[in-house]
S.K.: 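I'd like to ask some things about the structure below.
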Amino acid sequence: MEPTPSPESSPIKSPCPSQPSQSPVSSPIVSVVSSPIRSIQSSPVRSVPSSPYVEVSESPYLSQASQLDFFNGQVKRQRLDCMETNQASYFPGLSNVDHCRQLFTNENLKESVASKDQDLATNQASETYLQFGNENAGVDNSNNGNGMTLSAELQETNNDSIFNANTEVITYHTTRERKTSSSSSSSSSSSSEESYMSTASSSEGTQSEKSSEGSDSDSDLSEPEQNVSDDDSDSEFFSPKIYDGCQITEDEGVLFLMDMFTKYKLSKKQMGGILKGILKFIPEGSNFPRTEYSLFERVKKLSPVALEKSHYYCSKCHYYLGTVEMKCTICNGESHKFFQIPLADQIRNLFENHGLADLIDKYNADRSNLDLSNSYADLLDGSEFKRAHVDGQYNLDLMGHTDGISVSVSSNVSLWPLEWVIAQLPPTLRFNYVLVNGVWLDESKPYMNTMMKPFTRELEDLRENGVQWTHPRTQGVHTTYVTAPCFCADAPARAQLQNILSHGGKYSCHICEQKMKKLPPPPVVPGEKKKARRRVYTFEEREVLRTAQRMEDQGSEARRTQIETGRNLKPVKGVKGPTELSKIPGCDRSTAFFPEYMHLILCLLKEFMTLWFEKDGPWSLKEYRDAINEALKKISVPDFITRIPRSTEDFGKWKANEFRSFLLFFSLIILSKYMKVDYFQHWMLLVAAFQLLLQDCIPESDVIKANLLLRVFCRTFAVLYKHDYYTYYMHQLCHLALTVQRHGPLHCNSAFMFESFNGTLAKFIHGTKNQGKELVNNIRIAFGVEAVRARVLYCSAANKPLTAEFRNEITHFNFGEEDMKLLHSLKAPLKAYYRAVIRRETFTCSLYTRQKKRNNFTVCYNSLLSNNNFGEIKYFCKSSDSKQIALVKRFDIDHCRTFFHHESGVVIKNIIPIKPSEVTEVIALDAILCKVIRVENFVCLRPNKYEYNL
């Protein structure tokens, strides 16, 4: 389909039937001498399998289904304001505190933490199937005709939150063991390193049902070691009750108040007023904090973060002035400051107090058991991470992020945090351990070479000297070396960090050197200001990729020309000069950045909707806009999609997750009725490519296929639409497949989780003066809050088994004659219910009418005769002997309405056409695998299990 690219062209090759798929090509320029790369296997995760009715070859990674037993959980959107204190209530078998210390011992390191839940998904469900087997044996499921491998995976993913909660408790408790065995450390410093979760500080009980899935289940708990601290040290860990007879502990009370502080953006003075009111109900003599000062000091003492460092810069020329406040020696401007929170302290705290070493060991062990060498399942599978990684058991690779956040509507002040995530952590836990490294708070945007200067020095030191820490279990001393090979940022921030022209410039692409072309000047409208000429790209089969050496030479030439001529800076091929990022060990200036797909979808779909609904042409959908709006408003989505579909009249106000849902789930079903065939087939190419690149695990063959689909989409765009609309974001589609080869699947390197984290950081700012210092102090308080949260989770972990819970009984319910035939083996009297909480996720039935905009009853489930069926829950039922089941009305799959691209034959596997049937099945609650998205007569599966609550 494409000519053979030149040596400097994109390394993605067209598929060749006579040769196997090639491995990803790393950057042609290595900015630092990299150490030998360890043999890294792919991540133990799978994509959601394709629809069973499509007769296409399955991806090769699906054959490893039996081995995938760890971290197969749908990612819980763990924002700082939605962590729930009852998260630890799902620890079956946790009987005493010493068990916590033993979860990640060497003996258990190779055991699957999902063993219990897999037994639950097979044995317990099979028990119920046998019970109702006689009634359901006559049900014909042959029309499903599938061999999907979805069931085992989704059964595991629905239990994924258990490991998340276990991790918080176990990793925190290792601190207690280390404290008792290391008498040299002072009590104040030891308590200040108790816990660090992810700078989360607020909790909302109702949101736990929306973000109900994290990582895989807990493992069998082993016997305690002989050298575990005694009962006296354990008793220090438990917080006393507020007063005799009170139902909550002091830690729970403190956590409740601190969650209110963050969630409702309260000031400290307001917290003091609330505290005074609460103290009126507490008897005298309690140790509960009496003032707001003592409340915040109690939390701050648990923070593991050392004092921040202040750095100064000129407010006029943005020249870096150092760590001493002074006037600029160049322009005599006043100095402003930004803050640095040391990375070494945070990394040491994660290893010593949060079991980071055990998490890395477990993740590496599971990856090494899988042979997915030609697939991309995580950041570690990208060529850039393999190139930059320093060989060593606990060496870390970081992915950075920075972006502007508006602090308030009435202020011009913007917040630019610098954050890092650890690539060696599983995707389900990665954003629980965000490292906040810097804070820039000013009315002006940061000059990145100034802002990044102290952080590049710190990263150089971490690469050269490392971080020393003591293993909490073995007491061995380790040194961790750190590299940072990539950066996640939107287009303006990418341009500033790379020091190149922004996305409207002549050479604005950060990956290739293609030149934009200027359009003819628009006609002048009398009475209006003359509009500037726009620049657009053209589609080219071959692209000359940027290299670090050429970019350095181009930047030096631009600066030299400026000095020699005395004129304004004239960039060379878009490069304006050197960048501080080149000094970061392992960071290649030309390959460290990628088209971040959250912002790409946001901007690209806005442009398409502008064409469809506001521009005239053969592509126009203006006359069908009302019908499309009605179709969108009728869609009821599950609660893992946080935003309900809105009218296209407001598409200018849509968020990125709304555009994502429209692209992946709604657009094909709705537009198929109104869009012309050629334009609809063209749009299908984009949907298919994104679904391929968003899989849990992407084979090399799918990367090549997605690259071809995107290039056909871009090539055909100029024919169907106009060259005038071939913008920067259309051009970035040509580099998406290369992004996967360099940095892993799109869901691993997107900004969705970072943006959510930044939104919560903005809540930490309450006042109007010294906002930067206030934010840094509140971040330290947030670290302390998570230490308190870990203590609360630990103390509430025991005696709370993982069981299903029914809610909202249906009074005077008439089961009906047909249903009673299915339920005759249950012991009367029977009770019917509207809702059930299964594995911390709330399901409803079709009779539950209070949720009119939500559909939490359309599910994928296993039955006695077949797996991976689709249907809707009629109601939940409980017998007098406490047996719990659900009645499900099954859907049949309508193969004739499958979406596929005519020219390429590519099938849209995640959108499955259905038709109603008269078959009702009785299933165990554990046979319910997951919720699916119902759009008219289709059900839609998520392309991966990590992007959750979007």
Side-chain angles (χ1 to χ4, degrees), residues 46-59 62 140-151 153-154 628 631 634-635 637 660-696 698-699 701-702 705-706 708-710 712-713 716 855 858-861 866-872 890-917 919 929-944:
R46 291 168 295 176
S47 64
V48 177
S50 60
S51 174
Y53 57 91
V54 181
E55 295 186 61
V56 294
S57 58
E58 293 183 334
S59 300
L62 292 181
D140 180 16
N141 292 306
S142 59
N143 59 350
N144 204 342
N146 68 71
M148 287 178 66
T149 59
L150 184 62
S151 60
E153 172 193 351
L154 294 177
I628 293 173
K634 289 180 181 179
I635 298 174
V637 294
R660 177 186 180 276
S661 297
F662 181 82
L663 172 68
L664 298 179
F665 308 130
F666 310 148
S667 63
L668 289 183
I669 300 171
I670 295 175
L671 298 180
S672 61
K673 304 175 185 177
Y674 309 108
M675 188 174 278
K676 293 180 180 179
V677 174
D678 290 343
Y679 290 90
F680 181 75
Q681 289 287 309
H682 177 255
W683 181 253
M684 196 182 299
L685 291 171
L686 183 66
V687 176
F690 267 99
Q691 289 187 347
L692 288 173
L693 298 181
L694 283 170
Q695 295 177 94
D696 289 330
I698 311 173
S701 58
D702 281 359
K705 183 190 298 184
L708 295 176
L709 294 176
L710 289 171
V712 172
F713 178 82
T716 315
N855 181 341
T858 303
V859 296
C860 178
Y861 67 95
S866 64
N867 293 333
N868 309 300
N869 305 294
F870 300 100
E872 61 180 28
R890 199 185 69 192
F891 297 140
D892 293 332
I893 297 177
D894 188 1
H895 306 274
C896 299
R897 295 189 293 119
T898 302
F899 290 117
F900 67 97
H901 188 256
H902 295 163
E903 183 178 353
S904 65
V906 173
V907 176
I908 307 297
K909 303 175 183 179
N910 292 61
I911 301 178
I912 304 169
I914 58 172
K915 56 185 177 182
S917 71
V919 177
L929 303 177
C930 67
K931 302 172 188 175
V932 294
I933 305 165
R934 174 80 181 271
V935 183
E936 297 180 0
N937 289 324
F938 293 85
V939 292
C940 308
L941 301 175
R942 288 172 289 175
N944 63 76

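Since this is a predicted model, take the numbers as computed values, not measurements. Throughout, numbering of the chain's residues begins at 1 and tracks the sequence.
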S.K.: For K676, check salt bridge (charged side-chain N to carboxylate O under 4.0 Å, His left out) against everything at least two apart and list the hits.
M.R.: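 Here no residue qualifies.
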S.K.: Would you say the ring centroid of F680 lies under 6.0 angstrom from that of H682?
M.R.: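 No - the distance between ring centres of F680 and H682 does not fall below the 6.0 Å cut-off.
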S.K.: Measuring from L710:CG to L686:CG, what's the distance to the nearest 0.5 Å?
M.R.: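 So the gap between those two atoms works out to 6.5 Å.
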S.K.: Can you sort out the partners of T716 under side-chain hydrogen bond (donor to acceptor under 3.5 Å, both in side chains), two or more places apart, ordered by chain and number?
M.R.: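 Listed in chain order: nothing, the list is empty.
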S.K.: Can you see which heavy atom on P943 is nearest to which on Q691, and at what distance?
M.R.: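 Here P943 and Q691 meet closest at CB-O, 4.2 Å.
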S.K.: How long is the straight-line distance from CD1 of I912 back to NE2 of H895, given to the nearest 0.5 Å?
M.R.: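 Nearest 0.5 Å value for the NE2-CD1 distance: 10.5 Å.
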S.K.: Dump the intermediate steps for side-chain contact (heavy atoms from CB on, under 4.5 Å) on M684 and L668, then the final yes or no.
M.R.: CA-CA 7 Å; M684 196 182 299; L668 289 183; 4.2 Å; yes
S.K.: Mind checking side-chain contact (heavy atoms from CB on, under 4.5 Å) for I914 and listing every partner two or more places apart, or none if nothing turns up?
M.R.: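 Result, side-chain contact (heavy atoms from CB on, under 4.5 Å) vs I914: F891, R934, V939.
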S.K.: Write down the atom of Q695, the atom of L692, and the distance for their closest heavy-atom approach.
M.R.: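 Looks like NE2-O, 2.9 Å.
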S.K.: For D892 and K915, indicate whether the former's side chain and the latter's backbone hold a donor-acceptor pair under 3.5 Å.
M.R.: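 Answer holds: no.
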S.K.: To the nearest 0.5 Å, what is the distance between CH2 on W683 and CG on L663?
M.R.: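 Reported to 0.5 Å precision, the distance equals 5.5 Å.
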S.K.: So, taking the atom named CD1 in I670 and the one named CD1 in I635, what distance separates them when rounded to the nearest 0.5 Å?
M.R.: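 Rounded to the nearest 0.5 Å, the CD1-CD1 separation comes out at 4.0 Å.
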S.K.: Could you give me the CA-CA distance, side-chain angles and deciding distance for I669 and N937, then say whether side-chain contact (heavy atoms from CB on, under 4.5 Å) is met?
M.R.: CA-CA 9 Å; I669 300 171; N937 289 324; over 6 Å; no
S.K.: Find the distance between CG (L664) and CZ (F666) and round it off to the nearest 0.5 Å.
M.R.: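 Taking CG in L664 and CZ in F666, the distance rounds to 9.5 Å.
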S.K.: Using the ring pair (Phe, Tyr, Trp, His ring centres under 6.0 Å) criterion, which residues pair with F690? Sequence neighbours excluded.
M.R.: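 Partners of F690 by the ring pair (Phe, Tyr, Trp, His ring centres under 6.0 Å) criterion come out as none, since no residue qualifies.
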S.K.: Keeping T858 on the side-chain end and E872 on the backbone end, is there a donor-acceptor pair under 3.5 Å?
M.R.: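 No, T858 side chain to E872 backbone: no donor-acceptor pair under 3.5 Å.
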S.K.: Closest heavy-atom contact between V687 and S667?
M.R.: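 Of all heavy-atom pairs spanning V687 and S667, the closest is CG2-OG, 4.0 Å.
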S.K.: Is the backbone of D678 close enough, under 3.5 Å, to the side chain of Q681 for a donor and an acceptor to pair up by distance?
M.R.: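 Not a single qualifying donor-acceptor pair exists.
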S.K.: Applying side-chain hydrogen bond (donor to acceptor under 3.5 Å, both in side chains), name anything that partners H901, two or more places apart in sequence or on another chain.
M.R.: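 In terms of side-chain hydrogen bond (donor to acceptor under 3.5 Å, both in side chains), with neighbours along the sequence ignored, H901 is linked to S904.
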S.K.: How many angstroms lie between atom CD of E936 and atom OG of S672, to the nearest 0.5 angstrom?
M.R.: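 Rounded to the nearest 0.5 Å, the CD-OG separation comes out at 7.5 Å.
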S.K.: Tell me the closest heavy-atom pair linking Y861 and F870, and the distance in Å.
M.R.: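 In terms of heavy atoms, the two residues are closest at CE2-C, 3.7 Å.
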S.K.: I'd like to know if the side chain of N910 reaches the main chain of L941, judged simply by a donor and an acceptor atom lying under 3.5 Å from each other, with no hydrogens or angles considered.
M.R.: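 Confirmed, N910 side chain pairs with L941 backbone.
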